[in-house]
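Read the numbers this way: they start at 1 and go in the same order the structure lists the ligands and their atoms. Heads up: numbering here begins at 1 and tracks the sequence. Since this is a predicted model, take the numbers as computed values, not measurements.
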Amino acid sequence: MPKNTPPVLATQHDALRLLTLNRADKLNAFTPEMLAALDAEIEDALADDGTRVIAITGSGPKAFAAGNDIERLVSLDGVAAYRDMMAGQRALLSLHECAKPTIAMVNGYALGGGFELALACDFVVASTNASFAFPEITLNTMPGWGGTQLAVAKMGLACAKRFVLSGRRFCAQECEAFGFIHEIVAPDGLFRAVQTLATTLASYDPFAVEMAKRALNRASELPLSAGLDFEAAQYAVNFSSEGARAGLRQFMERRLARRTSQASTAQVSS
Ligand code: COA
């Protein structure tokens, strides 16, 4: 890649911020610079009030991301590999926890760290040529950016084991049964599908979306009673916002207007 090429490109489409991993010649395999740039772009999108939804994709027609850069990994010692994994986990955890809804727009291979990145997003919209795998076991290693934990949280232990312990690549259609894919579309309709989903998500009150997402994210971590307490607390916080009161009030106003119009129609026809 030429020296001045940014590792991640950011473009704005109404309320949607699209981040594109920009290393197509290496199937968007992650470098530390790319991971740091992605983290910074996500922070930037979170700080921008005009951005309500963040989507991530890969450049080129072949890959979302083919995982961590193996050429670099091979030269690391144990301590450096540990630090590399911690950096990946930190970045993916902050994506998983971020206040705005996120969409992985998967346009080809989502392997290793690429699959982990997709699982850290709230929604996966995949093209028909997308495929997903944790190939690490075939390299005598294992996922290290949160893959074992995120895969279990997103698809359950049995399905997660099929990925992590087999190393097998599954096409998007096969993955539908695992439950982590929101939608599968033809490659030329991928961005439109992401825009449609983003428009829906952006139409809701951002605070309600944020509170609901936080409660959902705790579900796989807390025992049921603690999760319910957390949900009730989030509900109360959200309920105290002007947005929640306005949403409920608008529903009642619409209902009242409908009843009034039904009553006057009945009067005219009687
Ligand atoms: N790290 C570094 N480079 C990678 C890479 C990775 N994870 N995945 C792909 N690349 C590079 C290739 O080395 C190649 O570069 P080169 O042209 O300079 O040799 C380029 O991307 C294109 O990949 P190539 O293997 O030629 O494409 P392909 O279509 O034949 O195969 C894959 C695609 C994804 C099946 C194959 O590249 C692959 O298995 N990659 C490794 C995936 C992986 O194990 N990820 C987990 C890492 S922990």
Side-chain angles (χ1 to χ4, degrees), residues 1-3 5-9 19-39 56-93 95-96 104-121 124 126-152 154-155 159-175 178 180-181 184 187 190:
M1 189 193 295
K3 256 207 152 34
T5 310
V8 175
L9 304 171
L19 306 179
T20 304
L21 307 172
N22 189 26
R23 201 185 176 209
D25 59 328
K26 297 285 181 182
L27 306 184
N28 304 313
F30 285 102
T31 60
E33 296 73 30
M34 187 189 277
L35 193 64
L38 181 64
D39 208 28
I56 302 174
T57 196
S59 58
K62 276 183 76 173
F64 176 70
N68 211 337
D69 190 312
I70 299 174
E71 228 174 290
R72 188 183 141 267
L73 263 188
V74 80
S75 67
L76 301 183
D77 64 17
V79 173
Y82 173 78
R83 295 205 193 296
D84 188 274
M85 295 307 133
M86 293 305 283
Q89 287 187 2
R90 264 196 309 277
L92 266 57
L93 184 65
L95 175 64
H96 176 64
M105 175 174 145
V106 181
N107 52 319
Y109 297 115
L111 309 179
F115 191 13
E116 286 165 315
L117 179 66
L119 290 174
C121 292
V124 174
S127 84
T128 44
N129 68 358
S131 60
F132 300 82
F134 283 123
E136 289 89 342
I137 204 77
T138 68
L139 308 170
N140 297 341
T141 65
M142 59 178 281
W145 284 5
T148 59
Q149 311 302 301
L150 283 171
V152 173
K154 290 281 171 101
M155 60 182 116
C159 296
K161 281 183 174 172
R162 285 183 73 178
F163 276 99
V164 175
L165 301 181
S166 78
R168 201 195 121 187
R169 205 157 66 220
F170 291 86
C171 69
Q173 287 79 1
E174 289 174 295
C175 288
F178 299 131
F180 66 85
I181 293 188
I184 301 175
L190 186 61

Less than 4.0 Å from [atom], is there any heavy atom belonging to the protein?
atom                    : result
atom 29 (O) of ligand 1 : yes
atom 12 (C) of ligand 1 : no
atom 44 (O) of ligand 1 : yes
atom 38 (C) of ligand 1 : no
atom 26 (O) of ligand 1 : no
atom 15 (O) of ligand 1 : yes
atom 18 (O) of ligand 1 : yes
atom 2 (C) of ligand 1  : yes

Point to revise | Given L95, T20, V106, the one that forms side chain to side chain contact (heavy atoms under 4.5 Å, CB included) with I56 | key: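 Exactly one option meets the side chain to side chain contact (heavy atoms under 4.5 Å, CB included) with I56, and it is L95.
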Close-contact set for ligand 1 against [X] heavy atoms, below 4.0 Å:
X    : result
L111 : 34 (C), 42 (C)
R169 : 35 (C)
L139 : 44 (O)
N68  : 1 (N), 6 (C), 7 (N), 47 (C)

Practice item. Examine the proximity of ligand 1 to P135 and report which part, side chain or backbone, both or neither, has a heavy atom under 4.0 Å away. Key: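 It is the side chain that touches ligand 1; the backbone stays farther off.
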Check your understanding: Do K154 side-chain atoms and F180 backbone N/O form a donor-acceptor pair below 3.5 Å?
Key -> no
Check your understanding: Just by distance, do the side chain of N107 and the backbone of S127 share a donor-acceptor pair under 3.5 Å?
Key -> no
Got the closest protein heavy atom to [atom], with its distance?
atom                    : value
atom 23 (O) of ligand 1 : L27 CD1, 3.6 Å
atom 41 (C) of ligand 1 : I70 CD1, 3.8 Å
atom 20 (C) of ligand 1 : D25 O, 3.3 Å

Study note, to complete from the structure: Of A65, G114, A29, A66, the residue with the heavy atom nearest atom 46 (C) of ligand 1 is A66
Revision key, fill the gap. Ranking K26, K62, E136, R72 by closest non-hydrogen atom to atom 21 (O) of ligand 1, top hit is K26
**Study point:** Carboxylate-amine/guanidinium contact R23 E33, below 4.0 Å
**Key:** no
Practice item. Begin from the C-alpha positions of F178 and F163 and carry the test ring pair (Phe, Tyr, Trp, His ring centres under 6.0 Å) through to its verdict. Key: CA-CA 10 Å; F178 299 131; F163 276 99; 5.1 Å; yes
